[in-house]
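This report refers to the structure that appears directly beneath it.
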Number of protein chains: 2
Amino acid sequence: MGASAGSAKTGRSAKVGRPAKDSREKDAREAILDVAEERFAKHGFHGVTVREVASAAHVNTALIHYYFNSKKELFDAVFMRRAETINRDRLDSMDAYEARLGDRVSVEGAIEAFLHPVLKRLHEGGEGWRNYFALVGLVNSTTAWGGEVMTRYFDPVIHRLIDLIARALPGASKQDLYWSYNFLSGSLTLSLAETGRIDRLSEGVCRSDDIPALEPRMIAYAAAGFRSVCVRSA
Amino acid sequence: MGASAGSAKTGRSAKVGRPAKDSREKDAREAILDVAEERFAKHGFHGVTVREVASAAHVNTALIHYYFNSKKELFDAVFMRRAETINRDRLDSMDAYEARLGDRVSVEGAIEAFLHPVLKRLHEGGEGWRNYFALVGLVNSTTAWGGEVMTRYFDPVIHRLIDLIARALPGASKQDLYWSYNFLSGSLTLSLAETGRIDRLSEGVCRSDDIPALEPRMIAYAAAGFRSVCVRSA
DNA sequence: GTCTATAACTGGATAGAC
DNA sequence: GTCTATCCAGTTATAGAC
């Protein structure tokens with residue numbers, strides 16, 4: 001996806017028939033994005049230097065400016081790269097669910113359709129996706145500009161979820177629905193951040209990267225929460 | 001608390017019998033902490049410069065180093081200043097609740113005892129506490145060092161909550177309890193961050209600083225969530 | 001305790017060769 | 001496209017006067 005688009009755009013052709021240790025041989029642009037993604041996720045925008053990214057990506061700072069103009073635009077490129085893919089996934093997932101269930105949509109089903117594409121990629125998508133989601137988690141709790149960035153990229157998906165749940169809980173007030181969503185959003189983004197907090201807190205009983213343990217619990221927890229908050233208005 | 005300890009330590013005595021426009025006229029050290037708290041909460045550790053803090057606090061950088069030695073120690077001082085107060089509050093609140101209810105503790109009651117001291121200060125504690133909680137929210141989602149910092153400062157309070165809930169849900173598994181707590185923690189810290197996200201998302205229907213609207217919903221949501229996740233193990 | 005001045009260094013960004 | 005070399009603004013931190 002992102003990779004091929006990038007190659008096409010920059011018009012590179014194989015310069016050296018590199019031996020390839022994994023059939024991979026990303027071009028520099030993708031390598032920069034991958035490294036930047038990892039660093040930004042761990043340390044935030046200001047905690048990363050372009051020199052550091054350059055060195056870890058085995059290029060130098062001039063090349064980063066060549067591709068992205070500025071550190072800020074590099075960050076935006078990182079954030080945008082996977083946003084469209086995951087948004088498409090989630091919208092498709094919810095559309096399919098609604099098409100299947102029609103008027104029979106349930107809160108659990110809606111939440112699962114909303115969460116599953118993310119958790120699946122978190123679990124099976126490799127390091128890149130894991131880093132990306134950690135970054136989303138961090139941005140979501142950033143007071144200064146987090147709310148604004150999240151709005152720009154993710155609002156349509158969320159409105160789709162809220163519409164679905166509203167069908168499952170007819171009569172629920174907008175206020176109750178939005179507050180409940182906010183609680184779900186917090187739970188999700190903390191899980192995405194994978195800070196290892198729960199590992200330490202539970203002394204190893206839970207592991208923050210144990211998605212198969214997380215997913216059913218998160219769905220059950222959120223669905224019960226929504227119902228409990230929204231029921232009085234319904 | 002932190003203030004008096006700080007004064008004693010640095011051996012300051014009232015230099016001027018201060019006129020007071022609000023009985024306030026904080027000494028420089030507190031002014032520095034207040035400003036740093038606000039900036040760190042908004043922009044994170046690396047997004048703030050000590051020059052900027054100095055200038056906003058109407059002192060200069062040398063004084064900051066005089067009091068705190070380094071930027072890192074300034075950050076720690078900010079984080080620590082209110083931690084003990086709020087931890088004491090929450091432990092007292094849960095102790096009082098358990099003393100009152102004994103074997104009759106409920107999930108709702110336990111969660112309320114855990115949340116209320118925080119939400120009360122968020123609502124009525126003024127700007128300082130609001131900034132502090134936003135900082136806690138940000139740190140909690142910081143992959144690099146967030147989990148560790150939170151562990152150091154807040155674990156005892158959380159174990160107290162989990163014990164209480166375990167009494168209300170006898171037989172619940174540790175795993176279910178910890179996962180559920182993690183969901184609650186995410187909801188709480190996102191609310192603390194006050195990113196304005198929910199305001200934008202709901203187009204004004206909800207406001208992230210509307211604690212009286214938030215509190216009952218958060219309690220209901222979390223309690224239903226805990227019950228739903230933990231019931232099968234109970 | 002608070003200031004000025006500055007040391008010592010790191011940051012993002014660019015010019016220009018290849 | 002990718003590199004070397006470099007500019008210079010901004011950073012933390014300290015020395016030393018008052």
Side-chain angles (χ1 to χ4, degrees), chain A residues 2-18 24-37 39-40 42-79 145, chain B residues 2-18 25-36 39-40 42-78:
Chain A
S4 48
S7 306
K9 183 174 169 194
T10 53
R12 289 179 92 254
S13 48
K15 196 192 312 198
V16 211
R18 237 234 270 147
R24 311 178 16 130
E25 143 74 77
K26 284 171 308 203
D27 60 10
R29 193 171 184 281
E30 290 294 305
I32 293 167
L33 284 171
D34 288 345
V35 169
E37 185 168 65
R39 303 295 157 119
F40 283 139
K42 278 210 182 60
H43 307 286
F45 180 78
H46 299 286
V48 177
T49 68
V50 329
R51 288 167 124 87
E52 175 192 343
V53 173
S55 139
H58 307 293
V59 299
N60 59 37
T61 70
L63 198 63
I64 294 187
H65 285 97
Y66 169 76
Y67 279 121
F68 303 100
N69 299 316
S70 70
K71 182 182 172 182
K72 175 65 166 59
E73 286 175 66
L74 169 61
F75 182 90
D76 290 343
V78 166
F79 206 85
W145 38 280
Chain B
S4 48
S7 305
K9 183 174 170 194
T10 53
R12 294 180 89 253
S13 50
K15 197 192 309 199
V16 213
R18 71 265 208 342
E25 144 73 71
K26 287 169 305 205
D27 60 11
R29 193 172 185 281
E30 290 293 304
I32 293 167
L33 283 171
D34 288 345
V35 169
R39 303 294 158 120
F40 283 139
K42 278 209 182 61
H43 307 287
F45 180 78
H46 299 286
V48 177
T49 69
V50 329
R51 283 161 126 86
E52 175 192 342
V53 173
S55 140
H58 307 293
V59 300
N60 59 38
T61 70
L63 197 63
I64 293 187
H65 285 97
Y66 169 75
Y67 279 120
F68 302 100
N69 299 317
S70 70
K71 182 183 172 183
K72 174 65 168 58
E73 286 176 65
L74 168 61
F75 183 90
D76 290 343
V78 166

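Since the structure is predicted, the reported quantities are computational estimates derived from the model, not experimental observations. Throughout, protein chains are lettered first and strands after them, A, B, ... in sequence-line order, and every chain is numbered starting at 1.
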Protein-nucleotide distance ([X], atom [atom1]; [N], atom [atom2]), rounded to Å:
{"X": "A:His46", "N": "D:dT12", "atom1": "NE2", "atom2": "P", "value": "12 Å"}
{"X": "B:Ile64", "N": "D:dA13", "atom1": "CD1", "atom2": "P", "value": "11 Å"}
{"X": "B:Asn69", "N": "D:dT12", "atom1": "CG", "atom2": "C1'", "value": "13 Å"}
{"X": "A:Phe75", "N": "C:dA13", "atom1": "CZ", "atom2": "C1'", "value": "20 Å"}
{"X": "A:Leu74", "N": "C:dG11", "atom1": "CG", "atom2": "C1'", "value": "15 Å"}
{"X": "A:His43", "N": "C:dG11", "atom1": "NE2", "atom2": "C1'", "value": "17 Å"}
{"X": "A:Ile32", "N": "C:dA13", "atom1": "CD1", "atom2": "P", "value": "14 Å"}
{"X": "A:Tyr66", "N": "C:dC18", "atom1": "OH", "atom2": "P", "value": "19 Å"}

- Task: List the atom of B:His65, the atom of B:Ser70, and the distance in Å for their closest heavy-atom pair.
- Result: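 Smallest interatomic distance, heavy atoms only, reads CD2-CA, 4.1 Å.
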- Closest heavy-atom contact between B:Glu73 and B:Phe68?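 Smallest heavy-atom distance, with atoms named: CB-O, 3.1 Å.
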- Is there a donor on the side chain of A:Arg51 or the base of C:dG12 sitting less than 3.5 Å from an acceptor on the other?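 Indeed there is one.
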- Item | Angle by which the axis turns from one end of the helix from C:dG1-D:dC18 to C:dC18-D:dG1 to the other, five pairs per end, to 10 degrees |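 Between the first-five-pair axis and the last-five-pair axis there is 0°.
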- Query: Heavy-atom distance under 4.5 Å between the side chains of A:Ile64 and A:Val53, does that happen here?
  - Reply: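 A side-chain contact under 4.5 Å exists here.
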- Between the side chain of B:Lys71 and the main-chain N/O of B:Phe45, is any donor-acceptor distance below 3.5 Å?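 Yes, because the side chain of B:Lys71 sits within donor-acceptor range (under 3.5 Å) of the backbone of B:Phe45.
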- Message: Between A:Asp27 (side chain only) and A:Glu30 (backbone N and O only), is there a donor and an acceptor less than 3.5 Å apart?
- Response: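 Checked: pair present.
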With the side chain of [X] defined as its heavy atoms from C-beta on, choose the nearest nucleotide among [options].
{"X": "A:Thr49", "options": "C:dC3, D:dA13, C:dG11", "value": "C:dG11"}
{"X": "B:Leu63", "options": "D:dT2, C:dT14, C:dG1", "value": "C:dG1"}
{"X": "A:Ser70", "options": "C:dT2, C:dA13, D:dT4", "value": "C:dA13"}

With a 4.0 Å cutoff (strictly under), does any side-chain N or O of [X] reach OP1 or OP2 of [N]?
{"X": "A:Tyr67", "N": "D:dT2", "answer": "yes"}
{"X": "A:His65", "N": "C:dT14", "answer": "no"}
{"X": "B:Asn60", "N": "C:dT2", "answer": "no"}

- Message: Counting the benzene-type ring for Trp, do A:Phe75 and A:Trp145 have ring centres under 6.0 Å apart?
- Response: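 Aromatic pair counts; centres sit under 6.0 Å.
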- Under 4.0 angstrom, heavy atoms only, what part of the nucleic acid is B:Val48 near: base, sugar-phosphate, or nothing?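 Result for B:Val48 = sugar-phosphate.
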- Message: Judged by each residue's nearest nucleotide on DNA chain C, which is more toward the 5′ side, A:Ala62 or A:Glu52?
- Response: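 Residue closer to the 5' terminus by nearest nucleotide: A:Glu52.
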- Can A:Glu37 and A:Leu33 be said to form a side chain to side chain contact (heavy atoms under 4.5 Å, CB included), step by step? CA-CA 6 Å; A:Glu37 185 168 65; A:Leu33 284 171; over 6 Å; no
